[in-house]
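Counting starts at 1 for both ligands and their atoms, following the listed order. Just the heavy atoms: all of them, side chains too, but no hydrogens, waters or symmetry mates, feed the values below.
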Amino acid sequence: MEGPVEAADADPREAPGEPLPPGQRPARGWPTTHYGPVPRFRPERWRFRVFGATADGGRHEWDHDEFTALPHHTVTAGLDCVTRFSVPPCEWGGVAARTLLEVAPPAPDAEHVMVWAEYGYGANLRMADFAGERTLFATHREGEPITVEHGFPVRLIVPGLYAWKGPKWVRGVEYMTEDRRGFWEERGYHNRGEVRREQRYSHQEDPGDGPG
Ligand SMILES: Nc1nc2c(c(=O)[nH]1)N[C@H]1C(S)=C(S)[C@@H](COP(=O)(O)O)O[C@H]1N2
Ligand SMILES: [Mo]
């Protein structure tokens, strides 16, 4: 049975020193974890795109100056890798997913999104998780621009979900009327990935958790 859709942002770790989520251990420093090479940022070519099931059927596009001029929000959150290390909470700054939903509204039946990064990496999210008030397209960490290894110019932070749900080097968001698995979700990770519930692997999915 599909339960009521609640955002995963009830992450208790809003402050440093909170206990780690179940099954996690502290990371040493801040490791760099990703599949494939680190992309080069070309500001003149870079665009952030919102497309798919938009309210007006069109697509929205921002260059780097336009994207970074969108309203700035901060969120305190850690990173929880499904391979069991956790990076303690820190302050992220950037563009709230809710801001994007306001300036580029989705069609009413768009209940899922795919967040696309360089090289075709994508992570699918429920619209309810994407629209959580702490979901952030981070450009800054502790007031400094994030480094290229950690996702410059833009990475997604989704408090409460495992960190693979937060692509680094984001290039766009696709609003979807039907769910589709992203890069790691196709390779055995859980379609939802909620940290509190240790939703690590696809074999743990209940009916309704994934597109099948
Ligand atoms: N584009 C892209 N984003 C990605 C990944 C990736 O392979 N490609 N890996 C994810 C995983 S599994 C983790 S744990 C975090 C790690 O972020 P960090 O390197 O900043 O610690 O990035 C996530 N974002
Ligand atoms: Mo990860």
> Under a 4.0 Å heavy-atom limit, does A117 contact ligand 1 with its side chain, its backbone, both, or neither?
Replying inline: side chain
> Which of the numbered atoms in ligand 1 are below 4.0 angstrom from a heavy atom of W30?
Replying inline: 18 (P), 20 (O), 21 (O)
>> For K165, is there an ion pair with E185 - N to carboxylate O distance below 4.0 angstrom?
In response: yes
> Does any N or O atom in K168 lie less than 3.5 angstrom from one in ligand 1, N or O only?
Replying inline: yes
> R47 side chain to D63 main-chain N or O, any donor-acceptor pair under 3.5 Å?
Replying inline: no
>> I'd like to know if the side chain of R200 reaches the main chain of V82, judged simply by a donor and an acceptor atom lying under 3.5 Å from each other, with no hydrogens or angles considered.
In response: yes
> In the protein, which heavy atom is nearest to atom 23 (C) of ligand 1, and how far is it?
Replying inline: A163 O, 3.3 Å
> Who's the nearest protein heavy-atom neighbour of atom 9 (N) of ligand 1, and how far?
Replying inline: T33 O, 3.6 Å
> Hey, what's the ring geometry for F137 with F67, parallel, tilted or perpendicular (30° and 60° as the breaks)?
Replying inline: perpendicular
> Going by the order shown, which atoms of ligand 1 are within less than 4.0 Å of some heavy atom of P31?
Replying inline: 18 (P), 19 (O), 21 (O)
> What protein heavy atom is closest to atom 11 (C) of ligand 1, reported as residue, atom name and distance in Å?
Replying inline: W164 CA, 3.8 Å
> Any non-hydrogen atom of E118 lying under 4.0 Å from ligand 1?
Replying inline: no
> Hey, does the Lys NZ or Arg CZ of R187 hover above the aromatic six-ring of Y189, less than 6.0 Å from the centre and inside 45° of the axis?
Replying inline: no
>> Please report whether ligand 1 has a polar contact with W184, defined as an N or O pair separated by less than 3.5 Å (distance criterion only).
In response: no
> Quick one: do V158 and V50 end up in the same hydrophobic cluster if we chain Ile, Leu, Val, Met, Phe, Trp and Tyr together by side-chain heavy atoms under 4.5 Å apart?
Replying inline: yes
> Near C81, which atoms of ligand 1 are under 4.0 Å from a heavy atom of that residue?
Replying inline: 14 (S)
>> Give me the residue, atom name and distance of the protein heavy atom closest to atom 17 (O) of ligand 1.
In response: R155 NH2, 3.0 Å
> What is the closest protein heavy atom to atom 7 (O) of ligand 1, and at what distance does it sit?
Replying inline: Y35 N, 2.7 Å
>> With ring pair (Phe, Tyr, Trp, His ring centres under 6.0 Å) as the criterion, how do Y35 and Y121 come out once you've worked through the C-alpha distance, each side chain's angles and the decisive distance to 0.1 Å?
In response: CA-CA 9 Å; Y35 179 84; Y121 184 93; 8.3 Å; no
>> Using the ring centroid of each side chain, check whether H190 and Y162 are separated by less than 6.0 Å.
In response: no
>> Under 4.0 Å from a heavy atom of T32: which atoms of ligand 1 are those, numbered in the order shown and with their elements?
In response: 19 (O)
> Which is it for Y119 and ligand 1 at heavy atoms under 4.0 Å: side chain, backbone, both or neither?
Replying inline: neither
> Mind checking what makes ring-ring contact (aromatic ring centres under 6.0 Å, His included) contact with H73, not counting sequence neighbours?
Replying inline: none
> Numbering the atoms of ligand 1 from 1, which are under 4.0 Å from a heavy atom of G166?
Replying inline: 23 (C), 24 (N)
> Which of the atoms in ligand 1, numbered in the order shown and given with their element, are less than 4.0 Å from a heavy-atom of L79?
Replying inline: 21 (O)
>> Suppose we measure from atom 6 (C) of ligand 1 to each protein heavy atom; which comes out shortest, and what is that distance?
In response: Y121 CE1, 3.3 Å
> Taking the side chain as C-beta and beyond, is there a heavy-atom pair between R180 and N124 under 4.5 Å?
Replying inline: no
> Is it true that D80 and R196 make a salt bridge, defined as a side-chain N closer than 4.0 Å to a carboxylate O?
Replying inline: no
